Each structure stands twice: as structure tokens, then as C-alpha cells.
K.L.:
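Below you'll find the structure I mean.
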2 protein chains.
Amino acid sequence: MHANVKQNVVPLITPGLKLACSQCNLRELCLPFGLSEHDMGRLDNLIGGARKLKRGQHLYRAGDVFESIFAVKAGFFKTDVLTEDGRDQVTGFQMAGEIVGMDGISTEVHTCNAVALEDSEVCLIPFTELEMLSSEIRSLQHHLHKVMSREIVRDHGVMMLLGTMRAEERLAAFLLNLSQRFTARGYSPTEFHLRMTREEIGSYLGLKLETVSRAFSRFQDEGLISVQQKHIRILDIPRLKTLLAPPDGRIR
Amino acid sequence: MHANVKQNVVPLITPGLKLACSQCNLRELCLPFGLSEHDMGRLDNLIGGARKLKRGQHLYRAGDVFESIFAVKAGFFKTDVLTEDGRDQVTGFQMAGEIVGMDGISTEVHTCNAVALEDSEVCLIPFTELEMLSSEIRSLQHHLHKVMSREIVRDHGVMMLLGTMRAEERLAAFLLNLSQRFTARGYSPTEFHLRMTREEIGSYLGLKLETVSRAFSRFQDEGLISVQQKHIRILDIPRLKTLLAPPDGRIR
DNA sequence: GCACCCCTTTGATCTGTGTCAATGCAACTT
DNA sequence: AAGTTGCATTGACACAGATCAAAGGGGTGC
């Protein structure tokens, strides 16, 4: 799949790795979206460098002082919140081109954990400096606001999912969402590796891992998908979509 | 409670109503937080005026073009998302000093509905102009980012609630959250009127209205609260809090 | 390359919450 | 003041998903 560089590097900032936004094939999905060449250059100067993480490494932890947001350059992350009484909720999965870390802005301290689910790489975007630059570049400022707002809207979607959907609907929504995001990145809409475990999927969807596993099996039995461990092939996208919109009857 | 003016005014912008931020007793909770007198004056000039809404009126609807965010000056709102297949999820309840409407920034179109649950009043904050001003006033810019980030963090809390808690825990968390927000506004922490129906509470908490009602009754039987329709009195906050942190045993 | 361990699958049973239904209460309308 | 209507409460029952349990498979690290 879209695994790439396999080097095992210390998790420190490695400025040498820096790749200009203007050279990055993710720029249409990421923060510099819509910037002129000149302004993109100014953003390049601000980006603090890249950082590589091996699978399982934390990008940040709840409680860490907030300094930067991160653009995922390659790889796959999860974010999760955990409470003192041991509850653990995965709040999202992030892939290339997406921004992580905005939870830390409000209190100057991160409120969730971000973990690499495969060997990954992020760009560091020092937030104070981003604010300074964005007060000079209107389109950058506006785009930052859009990114934050999009996160809010996305969260509302998850609430909808958790609040109103049954297990199979949740899983169908999850698969379709992944499919759509992979497509936007030029990967196959129908065939991909899941980077997360059944338990992590379950946490995200508010289900137990056994329920996730059973739902996968049922989808397979019905010819909707084929599952081999973490390898998924979607066989019938239209029919998967119909699971989300129950045909009359249960229209409440 | 904190119901106030009872006039029935057309839901149009009424500039005459405009009250300067500097005169507003909510300024410590709201957008102008931390601004100098001078900068607050500049913000005053930007605020497009106030708007009154009667109970049941929409502040905006999903699909409306986004132009402004709103600061709740008085009253109580709910926001909800509904899908074409009829699902309805309440995504939040907003009270005085809180900002509504940030869902619209990302697509220039509102993605949820905002409805007044009692006669209410909001300040209109034209967003493009807010962006312009915030690029000049660093602390305003930063505060706006904090407000948006706080919304993201709040949403994560709701996900945690929906994803991991059982019915009584959800309701306890809900009551404690209301209590804390009322306290911050100078109202009683222990006695208040719910502005929303059992069904709306249920939608927010991912429960059916009957389950909400039963949980209220059980809390009352156990002496935690007293309930009379929409009037709530919390009798034992500490014990209510213990419901959230199950004492060992069920530390999944 | 091998072994270990974690992840996944599947079955059997339990239970919390949803569903269906009926009654009660309170506020608003005229 | 009575009627209407919407909201809340309560009970009986059903069921989706959780829990408990056991076995198998595959990837990872040594």
C-alpha cells in the first residue's frame, strides 16, 4: 500500500528531511492549499522540519505542552483520549495531507494522544509562527480556519455515527469514509490495508472488537467485501452505501 | 432562571439593540476575552448588531450560506445535524457567552441547525470582517483559534461519552457539565431548569427519551437529584461524580 | 527461520437499552 | 374553565451488542 520509507530514525526533528511545500504532492490537500508560489515559499520557511516516527511511537501525548500542529506527510496516525478511570476513545485516524494537533491550541497543552500506526512522517508547523504568518497572508489565515472548522464538522459526523447508527451502519460508514479518503490520495477506492486493529476500530466506532469482527464477517458472507485480516477489498460500494440509508421502514 | 426580556420581535437584525462588548457582562466568557479597551472598541464596531429569537426559531439552518458566527448573549440554543435518511443528532447545547456557527466556516455553508430553546438573543459577528480584524489584533486572532480548538476538544468529550459510557454515566456527565457551566455564569450549580426536552437530551446523549426519563427517575430514587419535569435540583454532586469514575472493578 | 505473542475469529450466553404501549401531567388556546 | 396537545413517566418485552471463553492464524522480533 502506501507504506513508503522504511528507515528507522530517532524521533527527533530532522531538518535535513525538509521538503518544501511547493515540492510536495500533498499541497492540494494540506495547509498550503490555494497559496501563491510566493506565499508558499514563506510557509516553507516557517515549517520547522520533518519528523519520522516508527510504528507505535507517539507524536505527542496528552499533557504535552502544545507548540506545533503537524501535517501528516506519509503514514497513518490515530488520536485518542483517555480518562483517569481508564476509558479510552479513539477520536480519529489521520492520513497523508491531514492536520493533527489542533486539540492543543485551546489550553496550550495537548488533550489527546497521537500515535503512528505505521512508520510515518510529519511536518512540524510551529503554531505561534503560523499565526504570525497567517495574519499577513489572508488566504493562509482563512484556510487555517477552514481546516479547524472541517475538524468540527467531521466530529459532528462521528457524533451522528455514535449517537444514531447500529453496528453494521457504523462499520459501513467507516469503510466508505476510508475508501473516499484513499481515493482522494490516488489510492484504490476498493482495496487497502487497515493500519489499525479491530479494537481500535471498535473504540472509534463505539463497539467492542468482537462486534467489529463479526460485522466484517457478515459483510463478507453477504459479498459486500472480502476480508483477510487487515487486507480489505470492497466488492460492492453501492450496496454498502444502501446500508447507511435504511430503505424506508426504519425512517425515524 | 436566566430568562430575561420577553418581547416578541421580528427575527431581523436590530442594530438599535447593539450593546458594546465593553459593556457586556459576558465579555470574560466570550470573544473579546483578554482584549484591551481600545481593541474591544474596534471589535464593537465590527459586531453587526443583535438579533432576538423566540423559542423554537432557527438562528440558521443546514444549507444556509455562512456569513457570521454568533455569540449567545442571552438564552439557550441547541445545534443538530440531520441526514437525508431522517437521522437527527443534537451536537450541542449553547448558553450565554458561547459561540455558535463555526461549522459553517469550512464550506461557507452551515452544516447544522441552530434553534433557540427559549427566547434568546445573539450578537452577529460577520466572519470575513472578524478575520480582517483578527489579522491586526494578535490576541483576538489567538483567542478565536482557542475558541475553535475548545470546540474540537469539547467534541472529543462527547465522543468519549457516546463511545464508552453507559446511560446513567452519560446523564450524570451531562448534569455535571450543565451545573459547571451555570456556575461559571453566576447561576446556581444545583438548581436549574432544563430548556430541552427528554428527547433532545436523549439525542445528544445517544439514548432514547424513555431511557433518559428512567435514568432521571433512578437518580431521584437514589437521592442524587430531585426532578420535577424540567426543574432539576442536584442534591449530591460528589456522589454524582463518582458515577463517572466507576470505583475499580469495572475498569475495563 | 523460528517461536512467540498478539490479533482475529467464532460460539454461547447475558444484559442494558430500545421498542411498543398506555397513562399521567402541565401548559397553552380559545 | 374545558379541551387540546405535547411532553414525561412507567411497564412489559425484545433484541443488538457486550461479555466470557476458546481456538487458530499470522506477523513481528529475535
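Small disclaimer: the values here were computed from a predicted structure and weren't measured.
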K.L.:
What does A:Arg218 touch in the nucleic acid at a heavy-atom separation under 4.0 angstrom: a base, only the sugar-phosphate, or nothing?
P.N.:
nothing

K.L.:
So, A:Thr79 versus A:Gln94: side-chain donor-acceptor pair below 3.5 Å or not?
P.N.:
yes

K.L.:
Ignoring hydrogens and geometry beyond distance, is the side chain of A:Arg170 in donor-acceptor contact with the base of D:dG17 at under 3.5 Å?
P.N.:
no

K.L.:
Counting only distance, no hydrogens or angles, is the base of C:dT19 paired donor-acceptor with the side chain of B:Arg214 under 3.5 Å?
P.N.:
yes

K.L.:
Please confirm whether B:Tyr204 and B:Phe93 have ring centers closer than 6.0 angstrom.
P.N.:
yes

K.L.:
Within the pair A:Lys230 and C:dT8, is there a side-chain N or O less than 4.0 Å away from OP1 or OP2?
P.N.:
yes

K.L.:
Between B:Arg198 and D:dA8, is there a side-chain N or O to OP1/OP2 distance below 4.0 Å?
P.N.:
yes

K.L.:
Quick one: the side chain of A:Glu199 and the base of C:dC6, do they pair up donor-acceptor inside 3.5 Å?
P.N.:
no

K.L.:
Is there, by distance only and without an angle test, a donor paired with an acceptor across the side chain of A:Glu200 and the base of C:dC7 below 3.5 Å?
P.N.:
no

K.L.:
Measure from CG on A:Leu117 to P on C:dC7 and round the result to the nearest Å.
P.N.:
12 Å

K.L.:
Checking all strands, does B:Ser213 fall into the base, sugar-phosphate, or nothing category for heavy-atom contacts under 4.0 angstrom?
P.N.:
base

K.L.:
For the side chain of B:Arg166, starting at C-beta, report the closest nucleotide among C:dT9, D:dT28, C:dT17.
P.N.:
C:dT17

K.L.:
Side chain of A:Glu210 only, please: which of D:dT19, C:dG18, D:dG17 is the nearest?
P.N.:
D:dT19

K.L.:
Under 4.0 Å between any heavy atoms, over every strand shown, what does B:Leu209 touch: base, sugar-phosphate, or nothing? Just pick one.
P.N.:
base

K.L.:
Out of D:dT19, D:dA18, C:dT19, which nucleotide sits closest to the side chain of A:Thr211?
P.N.:
D:dA18

K.L.:
How many Å lie between CG on A:Asp119 and P on D:dG29, as a whole number?
P.N.:
10 Å

K.L.:
How bent is the helix from C:dG1-D:dC30 to C:dT30-D:dA1, comparing axes over its five end pairs at each side, to the nearest 10°?
P.N.:
60°

K.L.:
Would you mind classifying the nucleic acid contact of B:Gly206 as base, sugar-phosphate or nothing, using non-hydrogen atoms under 4.0 angstrom?
P.N.:
sugar-phosphate

K.L.:
Given atom CD of B:Gln228 and atom P of C:dC25, what is their separation to the nearest angstrom?
P.N.:
13 Å

K.L.:
Can you name the ring-ring contact (aromatic ring centres under 6.0 Å, His included) partners of B:Phe216, sequence neighbours left out?
P.N.:
none

K.L.:
Roughly how many Å is it from CG in A:Asp221 to C1' in C:dT10, rounded to a whole number?
P.N.:
11 Å

K.L.:
What is the separation between atom CD on B:Glu168 and atom P on C:dT17, rounded to the nearest whole Å?
P.N.:
8 Å

K.L.:
Heavy atoms under 4.0 Å, any strand shown: does B:Thr197 hit a base, just sugar-phosphate, or nothing?
P.N.:
sugar-phosphate

K.L.:
In whole angstrom, what separates A:Gln229's CD from D:dG25's C1'?
P.N.:
6 Å

K.L.:
Charged N to carboxylate O below 4.0 Å: is that the case for A:Glu121 and A:Arg51?
P.N.:
no

